[in-house]
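Worksheet: one structure, shown below.
These numbers come from the heavy atoms of this one structure, side chains and all, not from hydrogens, waters or symmetry mates. As the structure lists them, so they are numbered: ligands from 1, and atoms in each ligand from 1.
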Amino acid sequence: MSDTLILGIETSCDDTAAAVVKDGYHVLSDVLQSQDDIHTPFGGIVPEFASRAHIAQVEPVVHAALDQAGIQLSDLDAVAVTQGPGLIGSLLVGVSFAKALAYTANIPLIGVHHLEGHLASVWLDSPEVPVPHIALVVSGGHTNLYLVPCRGEYRLLGQTLDDAAGEAFDKAAKMLGLGYPGGPIIDRLAQSGDPHNAPFSLPYASKQSFDFSFSGIKTALRYFLQSADTHRDTVSDADIAAGYQSAIVTVLVQKTIRAATCYDIRDVIMVGGVAANSSLRHNMRTAAEKEGIRLHHPHPRHCTDNGAMIAAAGWTAYAEKQFASLDVEPFAQGSIRTRDASTVPVPTEQHHVRGERVFHPSTAT
Ligand code: KG4
Ligand code: ZN
């Protein structure tokens, strides 16, 4: 199955994106129309404005993706589209448009789970990433830790019990009056701050669980900002950003690396918008190297939402002939096909051979 051309369309939230990807990893075009200008004045996404902007943008964005790839609609083998989860009005635009394209070109339609798209994004920049691996999906809507035994199969080890890490970054920037989206702003600001000047407790650092919780640190920031008024001359916004970011990053790194050592897996991937965070990338790499673990992550451009990751995930479905019918509906909520962590046994001591990739598919189903 070579030279398979898949168009990926992503409209689950506030970015209209389309890309053409060959054979699941080779990006021929990658077009994205952001809506940041529309939503920034509101400090967050306004769903109705997002759907209207997608309606105006989806055709030119898809057109540009085909143009940049130097192909015609008739050259495509399939069209893959984010089916959910996300904002239902936004998803409807992408799904309806993809259906029309698939019908017109008489090619298969593939419905992609948004998280499966993020998980597949790692193949775009590192097609050789080995399986099994541990995957941290960390975005504005999710903070999930998976064991990925093979491409297209995911076992959930832990997830956020409340807010996603990206949401915690966005809310912090809003509280500090810094704008939207908050993640990149906090990331930049933190580089000139001292985290020791504004220390935050580690959110939900329990060693017994791979779950996360980021709602408490948001509240801690609110109290900090209320009480810090008197000494704002010694604690800068940059210090606050650095302290806040450091607490979130530390927990993400600790739990991800612990999952890898616990299941004796030598490869870790991190994907999703927050995986573009410079401190997370640096600290995860340092911690991974210390344990002899290889870290893989997409280029920052492929961490945040994009069409190429949807096409990459679509390629796996295409190979397995998992096609959607033309009456397929988008969904606002819903998990990726996973197995529960309780069905994934922790390797016993005798299985735990440091420096060697040991995985027992027969015991891990
Ligand atoms: O994956 P994504 O584009 O959309 C979702 O699926 O949610 O992720 C968006 C999230 C936002 O919360 C944004 O603030 C965050 O990713 N983000 C970052 C950075 N770049 C984007 N968070 C921290 N540091 C960054 N550099
Ligand atoms: Zn996303």
Pick whichever of [options] has a heavy atom sitting closest to [atom].
atom                    : options                        : answer
atom 23 (C) of ligand 1 : Pro181, Gly140, Gly183, Ala165 : Gly183
atom 15 (C) of ligand 1 : Leu115, Val274, Val271         : Val274
atom 19 (C) of ligand 1 : Ser279, Gly273, Ala275         : Gly273
atom 26 (N) of ligand 1 : Asn306, Asp15, Asp187          : Asp187

Does atom CZ of Phe49 have more than 12 heavy-atom neighbours, drawn from other residues, nucleotides or ligands, at distances under 6.0 Å?
-> no
For Glu320, does the CD atom have more than 12 heavy-atom neighbours from other residues, nucleotides or ligands under 6.0 Å away?
-> yes
Per-atom contacts, ligand 1 versus [X] - under 4.0 Å to a heavy atom:
X      : value
Ser139 : 1 (O), 5 (C), 6 (O), 7 (O), 8 (O)
Gly141 : 7 (O)
Ala276 : 26 (N)
Asp170 : 11 (C), 12 (O), 13 (C), 14 (O)
Thr304 : 3 (O), 21 (C)
His118 : 1 (O), 6 (O)

If you group Ile, Leu, Val, Met, Phe, Trp and Tyr by side-chain heavy-atom gaps below 4.5 Å, do [X] and [Y] land in one group?
X      : Y      : answer
Leu178 : Ile217 : yes
Leu28  : Leu7   : yes
Phe224 : Phe169 : yes

With respect to [X], determine whether any N or O atom, backbone or side chain, lies less than 3.5 Å from an N or O atom of ligand 1.
X      : value
Phe169 : no
Gly166 : yes
Gly272 : no
Ser278 : no

Please report the C-alpha distance between Leu66 and Leu76 in whole Å, then the side-chain angles of each, then the deciding distance to 0.1 Å, and finally whether the side-chain contact (heavy atoms from CB on, under 4.5 Å) criterion is met.
-> CA-CA 9 Å; Leu66 294 174; Leu76 288 173; 4.0 Å; yes
Passing option when [X] is tested against [options] for side-chain contact (heavy atoms from CB on, under 4.5 Å):
X      : options                        : value
Arg301 : Asn306, Asp30, Val27           : Asp30
Ile9   : Leu101, Ile310, Thr16          : Leu101
Ser279 : Leu252, Thr250, Val249, Ile186 : Val249

By atom name, which N, O or S atom belonging to Asp305 lies closest to the Zn ion (ligand 2)?
->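 Result: OD1.
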Minimum-distance protein heavy atom relative to [atom]:
atom                    : value
atom 3 (O) of ligand 1  : Asp305 N, 2.9 Å
atom 24 (N) of ligand 1 : Asn277 ND2, 3.0 Å
atom 6 (O) of ligand 1  : His114 NE2, 3.1 Å

Given the rule in the side-chain contact (heavy atoms from CB on, under 4.5 Å) test, do Val81 and Val112 qualify, once you have shown the distances and angles that lead to the verdict?
-> CA-CA 6 Å; Val81 63; Val112 173; over 6 Å; no
Mode of His142 contact toward ligand 1 - side chain, backbone, both, neither (heavy atoms, under 4.0 Å) |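 None of His142 does.
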Show the numbers, then the answer: is there a side-chain contact (heavy atoms from CB on, under 4.5 Å) between Leu225 and Leu176?
-> CA-CA 8 Å; Leu225 291 176; Leu176 287 164; 3.7 Å; yes
Close approach, Pro184 and ligand 1, non-hydrogen under 4.0 angstrom |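 Under 4.0 Å: yes for Pro184.
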Does Arg188 reach ligand 1, in the sense of a heavy atom lying below 4.0 Å from it?
-> no
Short check: any N/O/S atom of His118 below 2.8 Å from the Zn ion (ligand 2)?
->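 Coordinating: yes.
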Flag His114 as yes if one of its N/O/S atoms falls below 2.8 Å of the Zn ion (ligand 2), otherwise no.
->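 So His114 does bind the Zn ion (ligand 2) by this criterion.
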Would you call the rings of Tyr244 and Phe200 parallel, tilted or perpendicular, where under 30° means parallel and over 60° means perpendicular?
->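 Because their plane-to-plane angle is over 60°, the rings of Tyr244 and Phe200 count as perpendicular.
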Mutual orientation of the aromatic rings belonging to Phe212 and Phe214 [parallel < 30°, tilted 30-60°, perpendicular > 60°] = parallel
Mark yes or no for whether Asn144, through its side chain, and Gln159, through its backbone, hold a donor-acceptor pair below 3.5 Å.
->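 A pair under 3.5 Å: no.
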